[in-house]
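Please read the structure below before turning to the comments.
Please read these numbers as outputs of a predicted model, since none were measured by experiment. Note that ligands are numbered from 1 as they come in the structure, with each ligand's atoms numbered from 1 the same way.
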Amino acid sequence: MFYSFFPGARPLRLALFAVGALVLSVAPASAQRSTTSSEPLSERRVAYQIDVTLDPEARTVSGSQRLTWRNPGNSPVDELQFHLYLNAFSPGSTFQVESGGEHRGNSDSRDDRWGGITVERLAVAGRPEGDLGGVLPYSGQPVDLTPNMRFIQPDDNNRDDRTVMAVRLPNPVLPGETIALDIDFESRMPRVVARTGFAEDAQGNPFFMVAQWFPKIAVYEIPGQRYVPADAPTGQWNAHQFHANSEFYADFGTYDVTMRVPEFFVVGASGVRVQETTEDGIKTLRYRADDVHDFAWTAYEEYRVHEATWRHVELRLLLRPAHDTETQVRRHMDSAIAALERFDDWVGEYPYTTLTIVDAPGGASGMEYPTLITGLTLYMGPSWIRVAEMVTIHEFGHQYFYGLLASNEFEEAWLDEGMNSYVESKIMDDAYGEGAFLDIPGLPVSGRHMQRLAYVKQNPSSGNLTTRSWEYQFGADYAKNSYAKPATVMNTLEGYLGWETMRTFLRTYYSEWRFRHPTTRDLQDVVEAVSGQDLDWFFQQYVYGSAVLDYRIDAISYSRDRSIPDSLDARYDYRVVVERVFDGTMPTVLRLEFADGTGRDIPWDGKDRWKEFTASGDERLSAAFVDPEGLLWLEVDRLNNRRAIQPVSPGPTERRKFAVRFQQLALLISALF
Ligand SMILES: [Zn+2]
């Protein structure tokens with residue numbers, strides 16, 4: 001998800017208006033496969049066959065699903081746990097308590113804002129034989145388990161929270177065995193909040209973002225998976241309530257989803273559309289998405305549809321009419337393709353055949369679901385501030401970190417949002433240059449600077465990256481430690497290891513861990529193996545800890561060496577004192593700059609609190625500069641890195657001018673938002 005670092009900044013209220021006749025060009029999906037492979041790419045522990053009807057008047061999605069689940073462990077399982085995320089949007093839920101009803105700057109007080117999900121019936125359909133997915137042969141009689149359903153609150157004991165449900169089974173599911181459940185449910189969509197819900201445009205046309213909308217089985221972690229010890233006697237459910245500050249975690253599998261909507265709706269969804277028919281004013285659509293861990297869809301009459309192809313990927317852009325301009329189409333498509341290309345090169349193949357980009361309003365904007373993302377389009381947004389591009393690149397990047405690697409976002413949000421923000425910042429700078437984020441002449445702000453700025457201005461010493469997302473002190477602390485700081489940590493690690501090593505790390509991490517839910521420990525293992533270095537000193541300080549990094553030049557001077565006779569060339573002794581201002585350390589370089597324009601670099605391990613450097617040479621010293629290449633992105637103050645000898649220096653150097661302007665800009669941006 002996209003996080004605005006500027007509390008109080010609200011998306012512009014959009015005036016939607018009809019633009020002439022609706023012209024749609026919906027090409028049939030050329031590929032009937034949702035991935036590039038005819039073989040399963042993931043372990044596929046779950047299979048969903050969902051069949052639902054959207055009632056726009058009642059704002060409900062109701063129907064049934066057959067859920068097939070395989071016990072992946074080595075011990076019997078006698079209870080199943082489910083996420084019912086939509087219940088977060090009903091009164092008294094933990095989400096409501098924690099957020100005060102507001103989510104990332106969006107709130108609503110209308111009476112019809114509530115949503116929720118009702119499981120009407122849950123029954124064991126049987127014990128299928130054979131693989132997951134498709135139509136399965138069943139044996140045995142259905143067993144109604146509806147009376148066994150109960151809500152649990154593993155995180156906070158809030159009895160009013162109904163976002164996690166447990167169901168005791170009459171007979172356990174044995175290791176390796178599968179169980180099929182038939183579940184009837186009705187989901188009432190809330191007014192758009194926290195990435196899901198309904199809204200109305202200016203004409204009263206209903207818009208739906210249907211996400212977190214079906215009963216979803218939690219992850220049963222087996223011994224050796226993530227942090228469950230390899231010698232644990234049994235596996236355990238990893239289910240968390242829906243919190244103000246948390247996202248998702250689920251197992252991979254297959255989704256076969258049929259939805260019925262009034263025929264005038266334009267629908268976008270995860271996966272590939274395999275069927276579409278219309279009868280008696282009702283459109284029936286069927287989608288298939290393999291090797292994903294969630295499924296979302298959207299329906300809105302006024303979408304303007306644009307399509308493009310990149311290699312094996314069909315891109316589909318659904319724009320609201322007010323945004324349906326050539327410029328907006330280009331900005332979305334170009335940035336999506338910029339991201340596809342660089343992820344393919346830097347991380348690995350995008351294995352899906354579709355990508356749908358949705359222009360969603362307010363609280364549904366800037367979000368990721370498998371093969372479907374929502375952008376952030378500002379009405380008449382100027383081209384010199386690349387928010388639309390940044391959000392599209394960011395949400396696309398989630399296809400890798402949230403989608404394919406699928407770390408546990410409840411417990412280690414940074415592995416998704418933070419790693420994604422790191423790559424996003426690099427893609428922005430690679431695609432759009434020095435002014436990637438803010439393209440103002442004389443005052444450019446790159447993607448990496450934007451991330452650094454967001455970290456530096458948010459109390460850098462509080463919190464660490466590995467706190468469970470709902471246990472952060474407050475929202476801004478979650479945001480800093482899940483987005484801007486990890487992006488800046490990774491940019492600093494790149495400065496230390498070099499881009500080629502980081503690229504090898506990204507590619508190795510992806511190829512070894514995709515579809516397998518890596519942890520922070522797994523990530524550290526990969527980067528250490530790839531670099532051949534023990535990086536614990538780095539992880540302990542900046543990932544697990546909250547060390548703050550800053551060096552400053554405390555003193556600089558030189559003197560003529562009087563031992564050398566005047567008749568010979570002058571010799572000078574130099575003295576520079578560098579202070580390590582806070583607790584963080586990083587190896588770096590001290591550059592001595594001389595009056596004749598030359599320089600000399602002295603490597604330094606960066607550890608001492610105070611470090612005196614002495615040297616001598618035959619040029620007058622003009623300045624000293626710690627980290628002259630700007631590799632220490634984590635440094636909280638870059639203005640104190642360079643110091644000139646007064647008044648020798650003719651004026652600020654370009655780099656210093658930039659640094660001054662940049663920090664002025666930081667203040668300006670803080671003031672604006
Ligand atoms: Zn995100």
With a cut-off of 2.8 Å, does any N, O or S atom of Glu395 fall short of it relative to the Zn ion (ligand 1)?
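So Glu395 does not bind the Zn ion (ligand 1) by this criterion.
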Do Asn238 and Arg226 touch side chain to side chain, with heavy atoms closer than 4.5 Å?
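Of all side-chain heavy-atom pairs linking Arg226 with Asn238, at least one is under 4.5 Å.
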Is the ring pair Tyr402/His398 parallel, tilted or perpendicular, if the boundaries are 30 and 60 degrees?
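Correct class here is perpendicular.
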How about Phe343 and Tyr400: are their ring centres within less than 6.0 Å of each other?
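Under 6.0 Å, so yes.
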Please name the atom of Glu417, limited to N, O or S, that comes nearest to the Zn ion (ligand 1).
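For Glu417, the N/O/S atom sitting closest to the Zn ion (ligand 1) is OE1.
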Mind reading off the angle at the Zn ion (ligand 1) between the NE2 atom of His398 and the NE2 atom of His394, rounded to 10°?
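The two atoms form an angle at the metal of about 90°.
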Set out, in order, the CA-CA distance, both residues' side-chain angles and the distance that settles side-chain contact (heavy atoms from CB on, under 4.5 Å) for His517 and Asn408, then state yes or no.
CA-CA 7 Å; His517 316 294; Asn408 185 328; over 6 Å; no
